[in-house]
Number of protein chains: 2
Amino acid sequence: MNLTKWSIDKYNLTEEEMKLTLGSYVPKTIKANDFFLKEGEICNYIGYVTKGLLRSYFYDDQANEITTSFFPESTLIIALDSFNNRAPSKEFIKAIEDSELSVVSYLRQMELYQLIPAWNQICKDLGDIKIGEMLNRTENFQTLTAAERYQRFCKEYPQLLQRVNLGYIASYIGVDNATLSRIRKKK
Amino acid sequence: MNLTKWSIDKYNLTEEEMKLTLGSYVPKTIKANDFFLKEGEICNYIGYVTKGLLRSYFYDDQANEITTSFFPESTLIIALDSFNNRAPSKEFIKAIEDSELSVVSYLRQMELYQLIPAWNQICKDLGDIKIGEMLNRTENFQTLTAAERYQRFCKEYPQLLQRVNLGYIASYIGVDNATLSRIRKKK
DNA sequence: TAACGATTTTGACTTTTGTCAAAAGATCAT
DNA sequence: ATGATCTTTTGACAAAAGTCAAAATCGTTA
């Protein structure tokens, strides 16, 4: 979830609330190829990426890695289904580059909801952003060809283009590896 | 958003809160082919379908109708982007069959958040359900062929199969009309 | 019921995308 | 630097999906 234009400032937290919030988030570093979360684990942390890049993926029935999200700087990491439903994750979340996060535990985050009323609104707004992103993603799949989806990806995430394997992008936009290679050659 | 297994009961609203909630939702009937919402309007109501069937759709750049959701009985109707962001809707929501809803206005719903703490949790849970549905939908597009997406649709929404035009289903699963017809013939 | 309009199917064809395997290019650890 | 490994490209082909137009079906209404 990209939060470049989002800011906690607009919620007018009191100094006390802000201190409580910031104190709840602790730094964590993850080296390239290490995991933020493994399949089967319950997602117990929300992470905010301050540096680096991670991705989430699962394995389909033919054991292909299917990338579901990229998490560059200024994004929130969370395995939504797992975190929300306290259920084992179907996804892995793995660092592509050495990364630095701020993380908060599930329990602590629940306490923030109790202690700081504005957090309910923050949560609602973050959910809205996420839903907007997903609606857009679905629309792309419904109406665009593979080549068009790739073009959209390039426009939307130009920074990622240089930083991730093409294979990750291919599965993210739902095309075969070889097909993406040919799409790229054509233009 | 299908709420067949969801119930407001589990939130232990007080008698007072329940009365307030139920009193906020008023009945509304929509005849087949009439609109719950038109493109450009701001979605000012949430609706709960008690009878009938509606669908949401937009027009792509070639002026094709692209169906984005079906709303049979026991589902919540809402144009998420419009309702949440108070922005003009890009979608139409139109009744396929004569339908009966319970609706609540945006303002009233906001009051419920204020007046009844549990509504924050309800909202969060409904959002989670919606997000789960959308993750699933995206996964289908990423990993399944057109034929497989159709099979999934049939399994997931058997009731709809008899009630909606095939063209609506075709655009919902992202295939051409003629292609869907051929997929159906094959098996 | 006849007739109109909308929906669905079908045919003939083209384009897009996938598959499999091999070659070419990068990258990384030693 | 140099294998070893991983990623990307390419070729030859097959399968899937789209396009366009016409026919067949279905529903509705005059």
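Summary for the helix from C:dT1-D:dA30 to C:dT30-D:dA1: the axes at its two ends, each from 5 pairs, differ by 40° when rounded to the nearest 10 degrees.
Take the nearest nucleotide of DNA chain D for B:Gln62 and for B:Lys186: the residue whose nucleotide is more 5' is B:Lys186.
Interface limits on DNA chain C: the 5'-most and 3'-most nucleotides within less than 4.0 Å of chain A heavy atoms are C:dT17 to C:dT19.
In this view, B:Lys130 and A:Ile131, B:Met1, B:Ser69, B:Leu80, B:Glu133, B:Met134 satisfy the side chain to side chain contact (heavy atoms under 4.5 Å, CB included) rule, not counting sequence neighbours. Listed by chain and number, the residues in a side-chain hydrogen bond (donor to acceptor under 3.5 Å, both in side chains) with A:Asp81 amount to none (sequence neighbours excluded). Applying the salt bridge (Lys or Arg N to Asp or Glu O under 4.0 Å) test to A:Glu97 and every residue at least two apart in sequence or in another chain returns A:Arg163. A:Tyr157 is linked by a ring pair (Phe, Tyr, Trp, His ring centres under 6.0 Å) to A:Phe153, counting only residues two or more places apart in sequence or in another chain. For the salt bridge (Lys or Arg N to Asp or Glu O under 4.0 Å) test, residues two or more places apart in sequence or in another chain that qualify with B:Glu111 are B:Arg108. For A:Thr143, there are no side-chain hydrogen bond (donor to acceptor under 3.5 Å, both in side chains) partners, not counting sequence neighbours. For the ring pair (Phe, Tyr, Trp, His ring centres under 6.0 Å) test, residues two or more places apart in sequence or in another chain that qualify with B:Phe92 are B:Phe35, B:Tyr57, B:Tyr59. Residues forming a side-chain hydrogen bond (donor to acceptor under 3.5 Å, both in side chains) with B:Asp61 (at least two apart in sequence, or on another chain): none.
For the segment residues 141-178 of chain A, residues with any heavy atom less than 4.0 angstrom from an atom of DNA chain D are, sorted by number, A:Asn165, A:Leu166, A:Gly167, A:Ala178.
Other residues sharing the hydrophobic cluster of B:Ile66, ordered by chain and number and joined by side-chain separations under 4.5 Å: B:Phe58.
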